Protein chains: 2
Amino acid sequence: MKKDVKNVSMAVIRRLPKYHRRLKELMDKDVTRISSKELSVMIGFTASQIRQDLNCFGGFGQQGYGYDVAELYGEISRILGLTGEYNTIIIGAGNLGQAIANYSNFEKKGFHMLALFEKNPRLIGLQIRDVPVLDIDELESFCADKKIDIGVICTNKESAQDVADTLIKLPVKAIWNFAPADIQVPESITLENVHLSDSLYIISYLLKMNEME
Amino acid sequence: MKKDVKNVSMAVIRRLPKYHRRLKELMDKDVTRISSKELSVMIGFTASQIRQDLNCFGGFGQQGYGYDVAELYGEISRILGLTGEYNTIIIGAGNLGQAIANYSNFEKKGFHMLALFEKNPRLIGLQIRDVPVLDIDELESFCADKKIDIGVICTNKESAQDVADTLIKLPVKAIWNFAPADIQVPESITLENVHLSDSLYIISYLLKMNEME
DNA sequence: TAGATTGTTAATCGATTAACAATC
DNA sequence: TAGATTGTTAATCGATTAACAATC
């Protein structure tokens, strides 16, 4: 039973990876079925919210029984697009770029890391796992005959917008931005930011609040 | 004019780092004043929301004038606790741990990286900037005479909960978790997760949605 | 002073939770 | 069948937006 999935709010979407992760844990423990009630205890959302969330995409459960863990995991994988294949390039082969290239789980989920691009000559020529570090000047020629889905920005904030503009021209469909900058992209491009400093500043805020009490 | 700041929602708090970043950009461009209207155009929140957000913490603006950029930046820095000093340790000295230790802006904001801890003997003894990579077995003794505010988990998901438990015992006040795992911590500990795969999966979802249209 | 823009209250919108009939 | 638990509607709660008096 598929639903019109167009109008699902981002609040719901952003919870899906957590369901995905938790269901994987259950599978690893050979748990085959789970109720929204049990899941709510382990995941920290209300049972009501879990049922609401899942029903945005279809009725995956069974009254009186609950949800089949493997089936639900498969459905969420599909909803998240993890059954697809995505060509990915990384701009900036510093520690962060290398960390992402090294993370083999992404490859397993269909995110193919084709290459890293770098301007620092000391890094050009390296291999991260089996991913080559190429000269940034080779970016256009390398991508000329390829369809690139995702461009990952792992540069400093000063270069971020220029790199984004280059990626948009290639074109890429999505930009995953790790630079601590707010980059501008056309509406047609998916932009997802990972602002590490934002996250650290929230910790700082919460620490300060705790001390005030 | 200080307000009782206890009840400010996390929705507001999580926008503060963005204000902070954007105001810094304005200062770098020598912009000295800005209205909520102008800021709304550059930041993408409504002017109304900006004024509401800021007024959770006090009246920083002036009718008919707007906000003094430098003053507002200072206030938000203070609200975020960026005027404090935080002792920080990193567990796991792989690429990600090294990337964080290398990010000198954190040091500038008062997050002092004291050491990385690692079990891989190849990495023990390295220096990242001036931060030493120590044997994980030295963790307790190293921290015995220090007050550690933040512990950063940069291990794989299998080790994450064990490392968290060790950090809690030290104790640390906050855990910044980069492992793709949902770790359990007591309520008194601040936990902030950076789940990179969650972020990538959202991209995957949005790419799939775009293709369906 | 007149114009501009805030701070704040009220209205609206959206997300979460509660309740329960449907049904396995 | 009786018990359990979903799917879904209705109620509540919280966050965002609109409006405007206060005031610089």
Side-chain angles (χ1 to χ4, degrees), chain A residues 1-19 22-23 26 31-76 79 202, chain B residues 1-19 22-23 26 31-76 79 202:
Chain A
M1 190 225 292
K2 300 290 158 52
K3 301 217 170 165
D4 181 12
V5 139
K6 295 271 166 66
N7 297 331
V8 178
S9 79
M10 280 310 286
V12 174
I13 304 305
R14 292 205 174 269
R15 282 193 290 270
L16 294 180
K18 190 154 182 174
Y19 292 122
R22 291 299 203 162
L23 288 165
L26 288 170
V31 177
T32 56
R33 59 179 270 196
I34 194 157
S35 69
S36 58
K37 183 88 184 301
E38 293 167 301
L39 197 53
S40 82
V41 172
M42 90 180 261
I43 212 168
F45 307 152
T46 63
S48 194
Q49 181 166 65
I50 292 170
R51 293 201 301 279
Q52 283 276 22
D53 283 354
L54 299 177
N55 273 87
C56 293
F57 304 98
F60 304 133
Q62 197 169 312
Q63 280 101 328
Y65 176 92
Y67 298 87
D68 180 281
V69 171
E71 186 195 320
L72 187 55
Y73 177 79
E75 291 288 356
I76 291 177
I79 293 162
I202 299 300
Chain B
M1 193 224 292
K2 300 289 159 54
K3 301 215 171 167
D4 180 13
V5 137
K6 294 269 165 67
N7 298 330
V8 178
S9 80
M10 280 309 287
V12 174
I13 304 304
R14 292 204 174 269
R15 283 192 290 269
L16 294 180
K18 191 154 182 174
Y19 292 121
R22 291 299 203 162
L23 288 165
L26 288 170
V31 177
T32 56
R33 58 179 272 196
I34 193 156
S35 69
S36 60
K37 183 91 182 302
E38 294 168 301
L39 196 54
S40 83
V41 171
M42 90 180 261
I43 211 168
F45 307 152
T46 63
S48 195
Q49 181 166 66
I50 292 169
R51 293 201 301 279
Q52 284 274 24
D53 283 354
L54 299 178
N55 273 87
C56 293
F57 304 98
F60 304 132
Q62 196 169 313
Q63 281 101 328
Y65 176 92
Y67 299 87
D68 181 280
V69 172
E71 185 195 319
L72 187 55
Y73 176 79
E75 290 289 356
I76 291 177
I79 293 162
I202 299 301

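All values derive from a computational prediction rather than experimental measurement. Chain letters run A, B, ... following the sequence lines, proteins first and then strands; every chain starts at 1.
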With both pairing distances under 3.5 angstrom for Watson-Crick or G-U wobble, and | for a partner in another strand, the correct string for DNA chain D is ..||||||||||||||||||||||

Given side chain to side chain contact (heavy atoms under 4.5 Å, CB included), test B:L26 with B:M42 step by step and report yes or no. CA-CA 10 Å; B:L26 288 170; B:M42 90 180 261; 3.8 Å; yes

Evaluation steps, ring pair (Phe, Tyr, Trp, His ring centres under 6.0 Å), between A:Y73 and A:Y19: CA-CA 8 Å; A:Y73 177 79; A:Y19 292 122; over 10 Å; no

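Counting to the nearest Å, the P atom of D:dA4 and the CG atom of A:L39 are 19 Å from each other. Atom pair B:E71:CD and D:dC24:P shows a separation of 14 Å (rounding to whole Å applied). The distance between atom CD1 of B:I34 and atom C1' of C:dT6, rounded to the nearest whole Å, is 14 Å. Rounded to an integer number of Å, the gap from CZ of B:F57 to C1' of C:dT8 is 16 Å. Rounded to whole Å, the distance from CZ on B:R33 to C1' on C:dT6 is 12 Å. If you measure from atom CG of A:N55 to atom C1' of C:dT17, you get 15 Å, rounded to the nearest angstrom. One can place CD1 of A:I43 at 14 Å from P of C:dT16, the figure rounded to the nearest angstrom.
Taking the side chain as every heavy atom from C-beta outward, B:L54 and B:I50 approach each other to under 4.5 Å. Between A:F57 and A:I76, the closest side-chain pair of non-hydrogen atoms is not below 4.5 Å.
Residue pairs meeting the salt bridge (charged side-chain N to carboxylate O under 4.0 Å, His left out) criterion with at least one partner in residues 52-65 of chain A, sequence neighbours excluded, are A:R15-A:D53.
The shortest heavy-atom contact between B:L23 and B:V69 is O-CG1, 3.7 Å. The two residues B:F60 and B:E71 make their nearest non-hydrogen contact at O-OE2, 3.8 Å.
One finds a side-chain N or O of B:R15 lying less than 4.0 angstrom from the OP1 or OP2 phosphate oxygen of D:dT16. For C:dC24, the OP1/OP2 oxygens have no side-chain nitrogen or oxygen of A:Y67 closer than 4.0 Å. Within the 4.0 Å cut-off from OP1 or OP2 of C:dT6, at least one side-chain nitrogen or oxygen of B:S36 is found.
In terms of position on DNA chain C, the residue among A:Y65 and B:Q63 whose nearest nucleotide sits closer to the 5' end is B:Q63. Between A:V12 and A:G64, the residue whose closest nucleotide on DNA chain C is further toward the 5' end is A:V12.
Put simply, the residue from A:R51, A:E75, A:R33 that forms a side chain to side chain contact (heavy atoms under 4.5 Å, CB included) with A:Y67 is A:R51.
Using a 4.0 Å cutoff on non-hydrogen atoms, the parts of residues 45-54 of chain A near DNA chain D are A:R51, A:Q52, ordered by number.
Checking B:E38 against B:S35 by side-chain atom types alone, a donor-acceptor pair falls below 3.5 Å.
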